[in-house]
Amino acid sequence: MLTAAPLLSPAPAPAPAPPPPRCHVAIPLRCHAPTQQVAAAAADRGLLLRGAGSPVVKRAPGGWLLWYQCGARVALAASTDGLRWGPPVEPDPLVASTDWWAFDTAAVRPSDVLLFSGPDASARSGFPSSAVYWLYYSGSTDERFGSPFPAAAAAAEDVPALPGLAISQDGRHWARIEGDHHTGALLGVGEEEEGGEPRRGWEARCVAAPKVVLHAEGDLRMYYHSFDEMSQRHAIGLARSKDGVRWRKAGKVLEGGKAGLFDEGGVRHGHVVRDRAAGRYVMVYEGVDANGRVSIGMAVSEDGLKGWRRSSELPILRPSDDDEGWDSTVVGSPCLVQMDGAYDWRMYYTGVGRDGEAAIGMAYSEGHGLQKFEKWDAVLM
């Protein structure tokens, strides 16, 4: 059963096989110590954490948990309201592998977290021993996956990435679970989607950013992206599993839009959740336009498997119009959280400014049926 786990009490901040095929990476990252946002100026509207990217946010009794990328590692922070975050806990939840043959020896980046807990999970401070945390992540053998590089070159970076899984019972000490791929990854590239003889698949460069939904017992779905060399665009694919470890690909579910749209250059980093109010599945994703500009769009599906359709031909969130804004170049890596109100949502995302620094921000939708998102303003809220 999928349930939330008690909030982690943050610890003091710490002191400062052949490689898989290559894949484009969307978000650059220059890592600094996280800072809390107190009063937002116009250029800082929505900003939550500096020097951080790829947010994975989960609500827990009494607070919130945030897994994020900081350099080549995965970090974890806690919050009481999901807006003001404490320092990273110690030790880091996940760092690059030391096994020479592994797919993630240079850098790791969080993609999704499933929280399982038994009926005897206690409410004491820290993670209960009965809880199990499944961290799905992207790993790479290329140091550029976790190193800083200019925002303008983000779309041109060509970096290998494959999906992995790590499990923890206490939230602090993590063990990798080896997948079927020879590198230990959950999936490889260029494989037959429906079984049969091996052949070169559409995702010939990578299988990146695995987002996992537990649809029902024995029915888990992974949404990932890759670069299709035939269309020369990113697309989002689907894989299915009965146990969360062994996966079978099921083909593409969303491709780039028509000429002139914000996502005509491709789609990637799709995050899927089930809408409690509408009973359908919602996907927020990165859309790349013809000029390489990255915005966030949304698509919906009745069953989460097929029939994905864009909710609008316009993005739900664009880079800031303020040239000095912290997210004036890129907005991406969205993570959607449904709040207590059936029509109230938060969307955490990565933004990049002109200086190439990555940061995490938040936009919200209240009573708009996911059609309108506003960036959080520390002054107004």
Query raised in the report: For the side chain of Gln69 and the backbone of Ser54, is there at least one donor-acceptor N/O pair under 3.5 Å apart?
Result: no
Requested in this report: Can you measure from CG (Asp289) to CD (Glu264) and round to the nearest 0.5 angstrom?
Outcome: 7.0 Å
Query - Pair Arg318 + Asp327: basic N to acidic O under 4.0 Å - result: no
Query raised in the report: If only atom types and distance count, is the side chain of Ser301 paired as donor or acceptor with the main-chain N or O of Lys306 below 3.5 Å?
Result: yes
Query - Any side-chain heavy-atom pair of Met222 and Lys211 under 4.5 Å - result: no
Query raised in the report: Using 4.0 Å as the upper bound for N to carboxylate O, is an ion pair formed by Lys249 and Glu203?
Result: yes
Query raised in the report: What pair of heavy atoms forms the shortest contact from Ser111 to Ala209, and how long is it?
Result: OG-CA, 3.4 Å
Query raised in the report: Below 4.0 angstrom, N of the basic side chain to O of the carboxylate: do Glu313 and Arg310 qualify?
Result: no
Report task. Mark yes or no for whether Asp92, through its side chain, and Leu94, through its backbone, hold a donor-acceptor pair below 3.5 Å. Result -> no
Query raised in the report: Among the clusters formed by ILVMFWY side chains lying less than 4.5 Å apart, do Leu314 and Val294 turn up in the same one?
Result: no
Report task. Hey, could you give me the CD/CZ distance between Glu366 and Phe373, rounded to the nearest 0.5 Å? Result -> 10.5 Å
Requested in this report: Any chance you could lay out the ring pair (Phe, Tyr, Trp, His ring centres under 6.0 Å) test for Trp345 and Tyr364, step after step, and finish with the verdict?
Outcome: CA-CA 6 Å; Trp345 298 78; Tyr364 63 95; over 10 Å; no
Query - Rounded distance [0.5 Å steps], OG in Ser79 versus CG in Leu48 - result: 8.5 Å
Requested in this report: Check step by step if side chain to side chain contact (heavy atoms under 4.5 Å, CB included) holds for Ile236 and Tyr224.
Outcome: CA-CA 6 Å; Ile236 294 173; Tyr224 62 88; over 6 Å; no
Query raised in the report: Taking NZ, NE, NH1 and NH2 as the nitrogens, is one of them in Arg205 or Glu229 under 4.0 Å from a carboxylate oxygen of the other?
Result: yes
**Report entry** Test item: side-chain donor near acceptor, Asp142 and Ser140, under 3.5 Å
**Finding:** no
Report task. Please lay out, stage by stage, how Trp247 and Tyr223 fare under the test ring pair (Phe, Tyr, Trp, His ring centres under 6.0 Å). Result -> CA-CA 11 Å; Trp247 295 86; Tyr223 303 86; 9.7 Å; no
Query - Asp104-Tyr137 side chain donor-acceptor pair, cut-off 3.5 Å - result: yes
Requested in this report: Report whether Ile167 and Leu187 are members of the same hydrophobic cluster (ILVMFWY, side-chain heavy atoms less than 4.5 Å apart, transitive linking).
Outcome: yes
Report task. For Arg73 and Ala107, indicate whether the former's side chain and the latter's backbone hold a donor-acceptor pair under 3.5 Å. Result -> no
Query raised in the report: Is there a side-chain contact between Tyr285 and Ile296, using heavy atoms and a 4.5 Å cut-off?
Result: no
Requested in this report: Could you verify whether a donor N or O on one side chain and an acceptor N or O on the other, from Ser241 and Asp243, lie under 3.5 Å apart?
Outcome: yes
Report task. Report yes or no: does Asp263 contribute a side-chain atom to a donor-acceptor pair with the main-chain N or O of Gly266 at less than 3.5 Å? Result -> no
Query raised in the report: Given Val245 and Leu165, is the side chain to side chain contact (heavy atoms under 4.5 Å, CB included) satisfied, shown in steps?
Result: CA-CA 8 Å; Val245 178; Leu165 170 64; 4.0 Å; yes
**Report entry** Test item: Ser365 side-chain N/O and Asp344 main-chain N/O as donor-acceptor pair under 3.5 Å
**Finding:** no
Query - Joint cluster assignment, Leu65 & Trp134, ILVMFWY side-chain distance < 4.5 Å - result: yes
Report task. Test Gln338 against Val273 for side chain to side chain contact (heavy atoms under 4.5 Å, CB included), laying out the working first. Result -> CA-CA 8 Å; Gln338 190 164 20; Val273 297; over 6 Å; no
Query raised in the report: With a 3.5 Å cut-off and no angle check, do the side chains of Asp228 and Ser226 form a donor-acceptor pair?
Result: no
**Report entry** Distance-minimising heavy-atom pair for Phe103 and Leu162
**Finding:** CE1-O, 3.3 Å
Query - Face-on cation placement of Arg109 at Phe145 ring, 6.0 Å and 45° thresholds - result: yes
Query raised in the report: Got Val337 and Arg59 here, is their nearest side-chain heavy-atom distance under 4.5 Å?
Result: yes
Query raised in the report: Would you say His225's side chain and His269's backbone share a donor-acceptor pair under 3.5 angstrom?
Result: yes
Query raised in the report: What's the shortest heavy-atom distance between His182 and Trp101, and which atoms?
Result: O-CE3, 4.0 Å
Query raised in the report: Got Leu238 and Arg221 here, is their nearest side-chain heavy-atom distance under 4.5 Å?
Result: yes
Report summary line: Minimal heavy-atom distance between Val74 and Trp67, with the atoms involved, is CG1-CD1, 4.2 Å
Query - Rounded distance (nearest 0.5 Å) linking atom CZ of Arg280 with atom CG of Asp303 - result: 13.0 Å
Requested in this report: Working to the nearest 0.5 Å, report the span between OH of Tyr68 and OG1 of Thr350.
Outcome: 12.0 Å
Report task. Answer yes when Arg309 and Glu302 have at least one side-chain N-carboxylate O distance shorter than 4.0 Å, and no when they do not. Result -> yes
Report task. For the residue pair Tyr349 and Lys375, establish whether any side-chain heavy-atom pair is separated by less than 4.5 Å. Result -> yes
Report task. Could you tell me whether the side chain of Ser168 and the main chain of His173 form a donor-acceptor pair under 3.5 Å? Result -> yes
Report task. Answer yes or no: is there an ion pair linking Arg354 with Asp323, defined by an N-O contact shorter than 4.0 Å? Result -> no
Requested in this report: Give a yes or no on whether a salt bridge exists between Glu374 and Lys372, defined as a side-chain N under 4.0 angstrom from a carboxylate O.
Outcome: yes
Requested in this report: Indicate whether any N or O donor in one side chain lies under 3.5 Å from an N or O acceptor in the other, for Tyr133 and Gln169.
Outcome: no
Query raised in the report: Under 6.0 Å from the CG atom of Asp321, do we count more than 12 heavy atoms belonging to anything else shown?
Result: no
**Report entry** Verify same cluster id: Leu305, Trp308 (apolar side-chain graph, 4.5 Å)
**Finding:** yes
Query raised in the report: Does any non-hydrogen side-chain atom of Arg346 lie less than 4.5 Å from one of Leu83?
Result: yes
Requested in this report: Over all heavy atoms of both residues, which pair between Ser328 and Arg293 is shortest? Give the atoms and the distance, please.
Outcome: O-NH1, 4.1 Å
**Report entry** Minimum heavy-atom distance Arg50-Ala359, with the two atoms named
**Finding:** CA-CB, 3.8 Å
Query raised in the report: So Met347 and Val284, side chain to side chain contact (heavy atoms under 4.5 Å, CB included) or not? Walk me through it.
Result: CA-CA 9 Å; Met347 183 172 65; Val284 287; 4.0 Å; yes
**Report entry** Beyond-backbone contact of Val212 with Leu114, side-chain heavy atoms, under 4.5 angstrom
**Finding:** yes
Query raised in the report: Lys58 side chain to Leu115 main-chain N or O, any donor-acceptor pair under 3.5 Å?
Result: no
Report task. Kindly work out whether a path of hydrophobic side-chain contacts (I/L/V/M/F/W/Y, heavy atoms less than 4.5 Å apart) joins Ile177 to Leu186. Result -> yes
Report task. With the side chain counted from C-beta on, respond yes when Val267 and His234 share a heavy-atom pair under 4.5 Å apart, and no when they do not. Result -> no
**Report entry** Gap separating the CG atom of Leu49 from the CH2 atom of Trp85, nearest 0.5 angstrom
**Finding:** 8.0 Å
